[in-house]
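Input: a single structure, listed below in structure tokens.
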Amino acid sequence: MVKANGYGHGAAVCAAAALRGGASRLAVAAAAEAEELRLHFPEVPIFVMGALTDEELRTALAARADVAVWREGFREECSRMAAELGHMARVHVKLDSGMGRLGERDPDRLVELARACAGDQRLDLAGVWTHFATADEEGDGYMAEQLAAFAPVADAVRELAPDCTVHAANSAATLRDQATHFDMVRCGIAVYGLDPFGRDPAERDLEPALELHSYVADVKRFERGASAGYGRSWRAPEDTWVGVLPIGYGDGVRRGLSNNAEVLVGGRRYPLVGTVSMDNITIDLGPDTDVEPGSPAVLIGAQGSERILAEEVAIRLETINYEVTCGISQRVPREVIE
Ligand SMILES: Cc1ncc(COP(=O)(O)O)c(C=O)c1O
């Protein structure tokens, strides 16, 4: 799963790593993402999971990507577009087994749709699939209900197209219950070494791939009462040193981290103080410091024996690790370390 620029990590480089690691296919949400990936991977099967306008459908099919289908009208459009492009369209029929988002709710109607796909010479019924709403909630019973709704539909579609791929599991379901695996799993977050349950990835032997680095651009003496940043939301409680880092919400360091985060410098945690600006943040280095301009800083990742997890940042922001890494903006150069 390399949608949203590979969960913010960089789609093409993560796709290449995943394929080297054994992934057999790539999946994205949008047609433009498939189009971009196709330039890098001429032969790899790519699946576009999301809703598509006619224009986007053309883009996806022209990139020889598989697409998701759950309505008869869209099936017809796929068929028409396949004729226009001169090659078959590979389609995966989607059951909404309880997510309440994209997909056909009625199992019989979905099987009917699958039958129509199977009977259409311009379409290749390549898959039947669904998506879980609560896989990341340990101990919940809803995933089992969704699974029970999906399994007979998958069987019925497989009878129509014995070679089609049955798939349902995201990372959490993959880790939670083997019964969700079917023919293929659609792992995203765990591939990046992040924990789908929002806990420490190490508990499940996951190793985060991403680190977010900056550096201390300036170190300034602050007298007691002096303030840092917009709105003067922090004032030095005593004479101290403040480090200025050239990274801000324009880079994806969310403003909700104002006075609510820590940054690693020289292997030590320092509090982020003041309001996060678009391009800068400030950290309190304390009354005596040996930190100098140019010192490397880590906002997510390890330095010495300290480590700041995306999951920690997510908890501070009352969000999920997905949003933390997806939010790292294009402005941040991605440096790939093998
Ligand atoms: C339909 C679908 N399948 C699979 C995934 C991958 O989920 P995860 O990153 O939790 O593994 C997503 C991501 O949100 C998704 O939307």
Side-chain angles (χ1 to χ4, degrees), residues 1-11 14-15 17-18 21-34 37 45-52 60 65-70 91-105 110 126-138 140 142-143 146-147 149-150 153-154 165-178 180-199 201 203-210 309-311 314 319-328:
M1 200 64 57
V2 286
K3 60 195 171 120
N5 194 27
Y7 289 46
H9 295 58
C14 291
S24 52
R25 308 184 189 197
L26 303 172
V28 290
E33 295 178 308
L37 281 175
I46 299 173
F47 175 39
V48 181
M49 302 187 301
L52 300 169
D66 297 13
V67 296
V69 176
W70 58 88
V91 298
H92 297 233
V93 290
K94 181 168 195 186
L95 180 74
D96 177 4
S97 59
M99 178 68 169
R101 237 170 40 177
L102 304 178
E104 168 58 59
R105 272 212 167 109
L110 191 79
V128 53
W129 66 301
T130 194
H131 190 46
F132 296 116
T134 56
D136 57 345
E137 294 172 26
E138 282 164 292
D140 100 290
Y142 193 64
M143 185 177 85
Q146 285 195 253
L147 187 58
F150 176 62
V153 173
T165 305
V166 179
H167 50 106
N170 58 2
S171 298
T174 302
L175 291 166
R176 234 180 89 180
D177 187 352
Q178 217 166 345
T180 64
H181 290 189
F182 297 98
D183 302 329
M184 175 172 85
V185 294
R186 302 190 306 270
C187 289
I189 198 83
V191 171
Y192 302 92
L194 301 171
D195 187 62
F197 306 97
R199 300 164 65 97
E203 287 175 22
R204 288 181 177 78
D205 281 339
L206 296 168
E207 174 68 22
L210 177 143
L309 296 169
E311 288 77 7
T319 183
I320 51 177
N321 43 9
Y322 300 67
E323 198 181 24
V324 171
T325 62
C326 283
I328 297 171

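Counting begins at 1 with the first residue of the sequence. Every number for a ligand or one of its atoms is a count from 1 in the order of the listing. Quantities reported herein were computed from a predicted structural model and do not represent experimental measurements.
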Given side chains that start at C-beta, do those of [X] and [Y] come closer than 4.5 Å, heavy atoms only?
X: E203; Y: D195; value: no
X: F132; Y: L147; value: yes
X: W70; Y: V91; value: no
X: P208; Y: L309; value: yes

- Item | Heavy-atom gap C187 to ligand 1 smaller than 4.0 Å | yes

- Touching ligand 1 at all, M99? Heavy atoms, strictly under 4.0 Å? no

Protein heavy-atom partner closest to [atom] - residue, atom, separation in Å:
atom: atom 11 (O) of ligand 1; answer: S171 OG, 2.5 Å
atom: atom 10 (O) of ligand 1; answer: Y322 OH, 2.5 Å
atom: atom 3 (N) of ligand 1; answer: R186 NE, 2.9 Å
atom: atom 16 (O) of ligand 1; answer: K3 NZ, 3.3 Å
atom: atom 2 (C) of ligand 1; answer: H131 CE1, 3.2 Å

Suppose I only count heavy atoms of [X] and a 4.0 Å limit; which atoms of ligand 1 are within that range?
X: R101; answer: 16 (O)
X: M49; answer: 1 (C), 2 (C), 3 (N), 15 (C), 16 (O)
X: N170; answer: 6 (C), 7 (O), 8 (P), 10 (O), 11 (O)
X: I189; answer: 8 (P), 9 (O), 10 (O), 11 (O)

- Query: Quick one: CE on M49 to CE on M1, what's the gap to the nearest 0.5 Å?
  - Reply: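 Interatomic distance, M49 CE to M1 CE, rounded to 0.5 Å: 4.5 Å.
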
- For ligand 1, which part of W129 has a heavy atom less than 4.0 Å away: the side chain, the backbone, both, or neither? side chain

- Message: Atom CZ of residue position R199 - does it have more than 12 heavy atoms of other residues, nucleotides or ligands inside 6.0 Å?
- Response: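 It does not: R199 CZ has 12 such atoms or fewer within range.
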
- Query: Around atom CD of Q178, are there more than 12 heavy atoms of other residues, nucleotides or ligands at under 6.0 Å?
  - Reply: no

- Would you call the rings of F150 and F182 parallel, tilted or perpendicular, where under 30° means parallel and over 60° means perpendicular?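 Ring orientation of F150 relative to F182: perpendicular.
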
- Message: In terms of relative ring orientation, are H167 and H92 parallel, tilted or perpendicular, with 30° and 60° separating the classes?
- Response: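 Perpendicular, since the angle between the ring planes exceeds 60°.
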
- Item | Sub-3.5 Å N/O-N/O distance, A172 and ligand 1 |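 Among all N and O atoms of A172, none is under 3.5 Å from an N or O of ligand 1.
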
- Item | Closest to atom 9 (O) of ligand 1 among F197, Y7, F132 (heavy-atom distance) |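 Minimum heavy-atom distance to atom 9 (O) of ligand 1 goes to Y7.
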
